[in-house]
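Not measured: the values here are computed from a predicted model.
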Amino acid sequence: QIFLPAQPVEQVDGAFVVRLERQRNQELTVSSAYRQLLKQAERGDGVREWVKKRVESARWFIDAVQQRQSTLLRIADTVFARQHGFLERGVSGLQPLRMQEVADAIGVHISTVSRGVSGKYAQTPRGIFPLKFFFTSGTETSSGEVASQVSIKERIRELVDQEDKQSPLSDDLLASKLEELDGGLTLVKFLPL
């Protein structure tokens, strides 16, 4: 098994659960040696002020790391609540999802979501994917439903893979077959990310 710093998404008792990989690691704390040094230093001593500033900096850093982990977990929970179909069926179940929707859902700025998912991966039952993969534009169908462009491309790829290579399907025939496959899916409008 390949190890990547991914956020595991696992099925537990029929429900998908997101867990941060770092949750397995030991908690960050301020060294007890610094706390002891702070107690021993005399008031007015320059050492006491130096240690006090370092302890405050360490506590600020620990709080920032914990807040970042909490935000990342909230982002991942929101993404996979929306991408439940992907977890069950793969790319064909991928739903359109914009970063702004996730930002609104968890009460942060869109740039926080963008930074939060940058360089992060999710280990899912379907493989390991960059978290950015789950943000996809959509296309509105004639029935008013919205389909992920990635899932539509996957369905077209499947149709092309199944066609007779000596007599490939025309674009119109591909569109008709796609419409048949999806029970009346006629693509009418592109929805941006």
Given side-chain contact (heavy atoms from CB on, under 4.5 Å), test Thr124 with Gln83 step by step and report yes or no. CA-CA 11 Å; Thr124 73; Gln83 299 299 4; over 6 Å; no

Checking Val117 against Phe134 for the side-chain contact (heavy atoms from CB on, under 4.5 Å) test, could you report, in this order, the C-alpha distance in whole Å, the side-chain angles of both residues, the deciding distance, and whether it holds? CA-CA 10 Å; Val117 301; Phe134 299 100; over 6 Å; no

Only pairs under 3.5 Å count here: list side-chain donor-acceptor contacts from residues 52-61, not counting sequence neighbours, and write none if there are none.
unit_1, atom_1, unit_2, atom_2, d
Ser57, OG, Lys53, O, 3.1

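Only one option out of Gln162, Glu158, Arg157, Glu163 pairs with Val160 in a side-chain contact (heavy atoms from CB on, under 4.5 Å); it is Glu163.
With Thr78 contributing its side chain and Arg74 its backbone, the two residues share a donor-acceptor pair below 3.5 Å.
Note that OG1 of Thr112 and CG of Leu72 are 12.0 Å apart. Values are rounded to the nearest 0.5 Å. To the nearest 0.5 Å, atoms CE (Met99) and NZ (Lys132) are separated by 5.5 Å.
Minimum interatomic distance between Arg89 and Gly93 (heavy atoms only, all atoms of both residues): NH2-CA, 3.4 Å. The two residues Val30 and Ile62 have their closest heavy-atom pair at N-CD1, 3.8 Å. When all heavy atoms are compared, the tightest approach of Arg126 to Leu87 is NE-O, 3.4 Å. Annotation for Tyr121 and Ile128: closest pair CB-CG2, 4.0 Å, computed over non-hydrogen atoms.
Side chains of Gln67 and Asp63: no donor on one and acceptor on the other come within 3.5 Å.
Between Leu131 and Ile75 there is no side-chain heavy-atom pair separated by less than 4.5 Å.
With sequence neighbours excluded, the residues that form a side-chain hydrogen bond (donor to acceptor under 3.5 Å, both in side chains) with Arg82 are Glu101.
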